[in-house]
A.B. asks: 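Questions regarding the structure given below will be posed in turn.
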Protein chains: 2
Amino acid sequence: MTKVNAEGQKEQILNAAAKLFIEKGFGGASMQEIAEALGVTRTAVYYYFKNKDEILTALVEEVTLRARRLSSRVASEATDDPKERLRALVHQHTMLILSHHNEFRVIDRTEQQLPDRAYRANEDAKRAVLNNFTCAIEDGVKAGVFRVVDAKITAFTLIGMCSWPAFWYKPEGAKSAEQIAETIAELAVQSVVRPAKRQLKGESGVSEALALLREDLDHLSLMIEKTPRPG
Amino acid sequence: MTKVNAEGQKEQILNAAAKLFIEKGFGGASMQEIAEALGVTRTAVYYYFKNKDEILTALVEEVTLRARRLSSRVASEATDDPKERLRALVHQHTMLILSHHNEFRVIDRTEQQLPDRAYRANEDAKRAVLNNFTCAIEDGVKAGVFRVVDAKITAFTLIGMCSWPAFWYKPEGAKSAEQIAETIAELAVQSVVRPAKRQLKGESGVSEALALLREDLDHLSLMIEKTPRPG
């Protein structure tokens with residue numbers, strides 16, 4: 001265990017525990033093995049967590065409750081622009097999953113074994129996140145910015161887009177977490193947005209026009225690469 | 001167990017086993033309990049499966065290998081329209097997940113416990129599905145029908161959209177599987193498609209891309225002239 005403050009040490013333990021629970025299942029990994037993975041004594045782990053149940057509860061707090069807090073903050077600070085609100089929700093949720101992918105999978109896998117209080121907290125948090133996504137989508141539809149979609153199925157589906165990296169993300173991969181989150185946020189927004197009219201107005205018109213230009217340039221490069229050279 | 005043919009009985013056993021593995025974990029559920037859930041003797045279950053490992057292997061064959069076969073069929077029968085090809089891939093994968101949601105979650109949760117051969121078959125099948133999605137996206141981008149996106153991250157994300165129902169779908173819910181699959185397929189297609197006006201067609205791709213660039217530059221000039229100068 002690297003020398004850090006108590007919070008840092010707790011996080012190291014949670015991290016190591018999450019990895020072991022993924023490898024061996026919650027039932028298959030012991031406090032002893034968690035200690036060994038960190039190169040410390042069992043006592044050092046027991047200092048922070050009485051048992052594996054406490055570790056699971058802490059994992060729920062670390063991931064699901066944080067997801068709830070973050071999505072509620074975006075919902076309350078909501079800009080008037082439904083696109084930007086949805087983009088912020090998706091981006092932030094994806095970043096959370098990317099930085100806690102093992103923890104997230106452990107919670108999913110051990111849902112049935114979660115201690116009562118943690119189980120209810122987890123259910124409540126998931127419902128709150130779903131609700132924040134659903135409202136953002138409904139508002140966008142009402143404002144005429146989004147297509148008329150079933151807000152609930154769409155909310156579930158966009159949460160799926162954000163959450164799926166837990167099942168494939170490798171931190172050592174070619175793309176940074178930020179690049180992945182941006183790509184997913186754009187896919188999510190495009191999935192619901194109504195085709196933009198080619199009327200550009202106001203100050204956002206300039207940046208919108210620039211975005212279109214960039215897209216056209218990307219496309220042009222691609223076309224030129226594909227076109228066989230003459231001669 | 002309802003009286004049906006051997007295939008039907010096997011499917012009933014797999015279904016009951018999947019539900020129990022979700023509730024109690026793979027380690028926590030016994031062959032005895034699987035038999036009890038079906039109201040038959042343990043011998044009746046052993047007639048079809050020697051042990052829990054064989055049940056897990058059969059679950060992999062039922063879900064992941066079928067996903068692979070189905071997505072490869074769409075890929076090989078591919079229509080020329082990248083939108084319709086992607087729509088078919090997403091629709092079909094979502095329908096498979098909806099009809100096997102418990103089985104799918106069990107495979108995810110017990111990945112580490114899968115017998116060797118089943119583990120490799122599962123990994124190969126997932127890779128093949130990813131590959132079929134990636135190619136469909138790349139082809140759409142090359143054809144100028146899709147936005148310029150990272151095909152691999154996008155493929156993972158669309159697979160996430162299809163797979164997420166495993167985590168929330170209730171067969172007794174208000175929407176039919178067909179309605180859910182259609183909604184998700186439309187979200188997936190919209191997430192990548194270029195607005196109709198901006199799609200490039202035919203061999204004149206390069207000149208069309210240039211025309212769009214000119215159009216966007218005109219827009220941009222207009223915007224800048226219209227924007228009030230600071231000061």
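In what follows, chains are A, B, ... by sequence order, proteins preceding strands, each numbered from 1. Since this is a predicted model, take the numbers as computed values, not measurements.
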A.B. asks: Could you give the distance from NZ (A:K126) to CH2 (B:W168), rounded to the nearest 0.5 Å?
C.D. replies: 13.0 Å
A.B. asks: Quick one: closest heavy-atom pair of A:R109 and B:D108, and the distance?
C.D. replies: NH2-O, 3.0 Å
A.B. asks: For B:S191, which residues count as a side-chain hydrogen bond (donor to acceptor under 3.5 Å, both in side chains) partner, sequence neighbours excluded?
C.D. replies: none
A.B. asks: For chain B, find its close neighbours in residues 153-160 of chain A: heavy-atom separation under 4.5 Å, sorted by number, or none.
C.D. replies: A:I153, A:T154, A:F156, A:T157, A:I159, A:G160
A.B. asks: Which one wins on heavy-atom pair count under 4.5 Å against chain B: A:S163, A:A188, A:G27, A:G28?
C.D. replies: A:S163
A.B. asks: Considering only heavy atoms, which portion of A:F26 lies under 4.5 Å from any heavy atom of chain B: side chain, backbone, both, or neither?
C.D. replies: neither
A.B. asks: Are more than 12 heavy atoms, taken from residues, nucleotides or ligands other than B:K52, located less than 6.0 Å from that residue's NZ atom?
C.D. replies: yes
A.B. asks: When only pairs under 4.5 Å are counted, which of B:R105, B:K152, B:Q113, B:E111 shares the most heavy-atom pairs with chain A?
C.D. replies: B:R105
A.B. asks: Under a 4.5 Å heavy-atom cut-off, does chain A meet the side chain of B:K175, its backbone, both or neither?
C.D. replies: side chain
